[in-house]
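For clarity, every value in this text was computed on a predicted model and none was experimentally measured.
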Amino acid sequence: MILEDYVAVDLEMTGLNAKCDRILEIGAVRVRKKEVEAEYSALINPHMPLPPQVAELTHITDEMAAHGRRMDAVFGEFMEFCGESVLLGHNVIFDYSFLKQEAKNRRYPFERSGVDTLKIARKLLPAEEKKTLEALCAKFGIKQGHMHRALDDARAARELYEILEKEYEAGQPEVFRPYPLIYKAKKQSPATRKQKEHLMRLASYHGLTLQVPWETLTKSEASRKIDRIIAQYGRMPKTPDDSESRFSSENP
């Protein structure tokens with residue numbers, strides 16, 4: 001059965017790990033009966049400086065990110081935009097893992113089926129050909145717009161899917177069927193006041209300047225940062241009222 005209704009989605013992130021990195025930008029294209037019905041785009045403030053490689057790849061600056069919206073406002077909008085639609089993307093499980101983590105943090109139910117243009121391309125196209133979105137857009141003459149910007153990449157993934165489906169679906173329809181997207185996420189709780197204070201004291205003791213998203217810092221993030229500082233620079237002298245072990249990743 002040909003897929004007529006879906007939402008093509010792409011994200012830009014501050015890193016590659018859904019458990020500790022953040023969504024920077026969401027782009028989505030809602031398709032109904034093979035026609036683009038609506039588009040969604042939001043730049044999100046990650047409350048942290050962007051890693052240089054992310055800024056270089058996306059051309060999103062710290063200033064641009066600082067003027068982005070809060071994820072709390074964006075996520076509800078995005079959920080409403082998607083509804084219960086099948087999600088389509090290039091390596092869609094990667095984007096889904098970040099969305100699932102955000103949904104879990106906000107107690108949103110978020111179970112979706114997906115279609116992956118990367119998997120389709122790997123199945124149908126010669127093994128020696130590159131399967132990046134950029135390479136496939138070049139192969140099929142798809143105008144990609146700004147590479148590594150969420151909405152433009154979502155548009156490109158939608159167009160790529162339609163081309164692949166038109167050319168190959170009749171011969172191998174099973175490759176194009178949606179399948180359940182599975183990613184297990186645990187709710188991330190905000191860092192406690194004591195964790196934040198301890199992290200600040202530890203950094204001050206070692207003369208470190210921290211670039212930390214204090215407003216949105218989670219318990220696990222705070223624990224990891226504390227552990228990294230201790231591993232690299234050592235512990236502070238303990239006092240009766242302050243035990244570092246209380247805030248490590250072993251005892252969050």
*Mind checking the CD-OG1 spacing from Q195 to T218? Nearest 0.5 Å is all I need.*
8.5 Å
*asked:* By the salt bridge (Lys or Arg N to Asp or Glu O under 4.0 Å) test, which pairs, at least two apart or in different chains, include something from residues 174-193?
replied: R193-E197
*Given the rule that I, L, V, M, F, W and Y join up when any side-chain heavy atoms are under 4.5 Å apart, are F78 and Y6 in one cluster?*
no
*Give every residue pair that meets the ring-ring contact (aromatic ring centres under 6.0 Å, His included) criterion with at least one member in residues 33-52, sequence neighbours excluded.*
Y40-F81
_Where at least one partner belongs to residues 31-58, residue pairs that pass salt bridge (Lys or Arg N to Asp or Glu O under 4.0 Å), sequence neighbours excluded_ = R30-E37, K34-E162, K34-E165, E39-R155
*Answer yes if L16 and M13 sit in the same cluster of Ile, Leu, Val, Met, Phe, Trp and Tyr residues linked by side chain heavy atoms under 4.5 Å apart, and no otherwise.*
yes
*With F75, which residues qualify under ring-ring contact (aromatic ring centres under 6.0 Å, His included), at least two apart?*
Y108
_L164 CG to E169 CD distance, which is reported to the nearest 0.5 Å_ = 11.5 Å
_A side-chain contact here means heavy atoms from C-beta on lying under 4.5 Å apart; do I44 and R70 qualify?_
no
*asked:* Counting C-beta onward and ignoring hydrogens, is there a side-chain heavy-atom pair between Y161 and L3 closer than 4.5 Å?
replied: yes
*Partners passing side chain to side chain donor-acceptor pair (under 3.5 Å) against E111 (at least two apart in sequence or in another chain)*: K100
*Which heavy atom in L202 sits nearest to a heavy atom in G234, and how many Å separate them?*
CD1-O, 4.2 Å
_By the salt bridge (Lys or Arg N to Asp or Glu O under 4.0 Å) test, which pairs, at least two apart or in different chains, include something from residues 77-99?_
R69-E77, E84-R112
*Please test V31 against D5 for side chain to side chain contact (heavy atoms under 4.5 Å, CB included), starting from the C-alpha separation and ending with a verdict.*
CA-CA 5 Å; V31 176; D5 301 337; 5.8 Å; no
*Between CG of L118 and CG of N91, what distance do you get to the nearest 0.5 Å?*
5.5 Å
*Who passes side chain to side chain donor-acceptor pair (under 3.5 Å) against Q188, sequence neighbours left out?*
N105
*Are the side chain of E159 and the backbone N or O of A156 linked by a donor-acceptor pair below 3.5 Å?*
no
*What about Y205 and Y233, are their ring centers closer than 6.0 Å?*
no
_As a quick check of understanding, evaluate side chain to side chain contact (heavy atoms under 4.5 Å, CB included) for D116 and L88, giving each step before the final call._
CA-CA 6 Å; D116 190 343; L88 179 145; over 6 Å; no
*Is there side-chain contact between C20 and R224, with at least one heavy-atom pair below 4.5 Å?*
yes
*When clusters are formed by joining ILVMFWY residues with side-chain heavy atoms under 4.5 Å apart, either directly or through shared neighbours, do M79 and V92 land in the same one?*
yes
*asked:* Ignoring hydrogens, what is the shortest heavy-atom contact between A121 and L136? Give both atom names and the distance.
replied: CB-CD1, 3.7 Å
*Do Y183 and M71 share a hydrophobic cluster, counting only Ile, Leu, Val, Met, Phe, Trp and Tyr and linking them when any side-chain heavy atoms are less than 4.5 Å apart?*
yes
_Looking at H67 and E63, would you say the former's side chain and the latter's main chain have a donor-acceptor pair under 3.5 Å?_
yes
*Looking at C82 and L87, what are the two nearest heavy atoms and their distance?*
SG-CD2, 4.2 Å
*Side-chain contact test, heavy atoms from C-beta onward, threshold under 4.5 Å: evaluate it for I26 versus V74 and give yes or no.*
yes
*Cluster question for you: counting only ILVMFWY and a side-chain heavy-atom cut-off of under 4.5 Å, with indirect links fine, are V86 and L99 together?*
no
*Using side-chain contact (heavy atoms from CB on, under 4.5 Å) as the criterion, list what pairs up with Q211, not counting sequence neighbours.*
P49
*Shortest non-hydrogen contact from V115 to F176?*
CG2-O, 4.0 Å
*For the pair D152 (side chain) and H146 (backbone), establish whether a donor and an acceptor sit closer than 3.5 Å, ignoring hydrogens and angles.*
yes
_Pair H148-T58, side chain to side chain donor-acceptor pair (under 3.5 Å): steps then yes or no_ = CA-CA 5 Å; H148 304 295; T58 63; over 6 Å; no
*What residues, two or more places apart in sequence or in another chain, satisfy salt bridge (Lys or Arg N to Asp or Glu O under 4.0 Å) together with E221?*
R22
*Report, as yes or no, whether the 6.0 Å neighbourhood of atom NZ on K196 holds more than 12 heavy atoms from other residues, nucleotides or ligands.*
yes
*Would you please name every residue forming a side chain to side chain donor-acceptor pair (under 3.5 Å) with E102, sequence neighbours left out?*
R106
*Okay, side chain of D10, backbone of G27: is any donor-acceptor separation there less than 3.5 Å?*
no
*Could you state the interatomic distance from CD (E12) to CG (L50), rounded to the nearest 0.5 Å?*
11.0 Å
_side chain to side chain donor-acceptor pair (under 3.5 Å) partners of D153, counting only residues at least two apart_ = Q144
*asked:* Let me confirm one number: the CG-OG1 distance from L160 to T117, rounded to the nearest 0.5 Å.
replied: 5.0 Å
_Interatomic distance, L151 atom CG to L43 atom CG [nearest 0.5 angstrom]_ = 12.0 Å
_To check you understand the geometry: which heavy-atom pair defines the closest contact between A66 and N45, and what is its length?_
O-ND2, 3.3 Å
*Go through E25 and R149 one step at a time and tell me if the salt bridge (Lys or Arg N to Asp or Glu O under 4.0 Å) criterion holds.*
CA-CA 8 Å; E25 188 175 42; R149 291 302 302 267; 2.7 Å; yes
_Residue pairs passing the salt bridge (Lys or Arg N to Asp or Glu O under 4.0 Å) test where at least one lies in residues 125-138, sequence neighbours excluded_ = E129-K139
_For the student: nearest non-hydrogen atoms of T216 and P46, plus distance_ = OG1-O, 4.2 Å
*Might you work through the side chain to side chain contact (heavy atoms under 4.5 Å, CB included) test for I142 and I163, ending with a clear yes or no?*
CA-CA 10 Å; I142 299 169; I163 290 171; 3.7 Å; yes
*Show your working on side chain to side chain contact (heavy atoms under 4.5 Å, CB included) between V175 and Q172 and close with a plain yes or no.*
CA-CA 6 Å; V175 177; Q172 299 195 58; 3.9 Å; yes
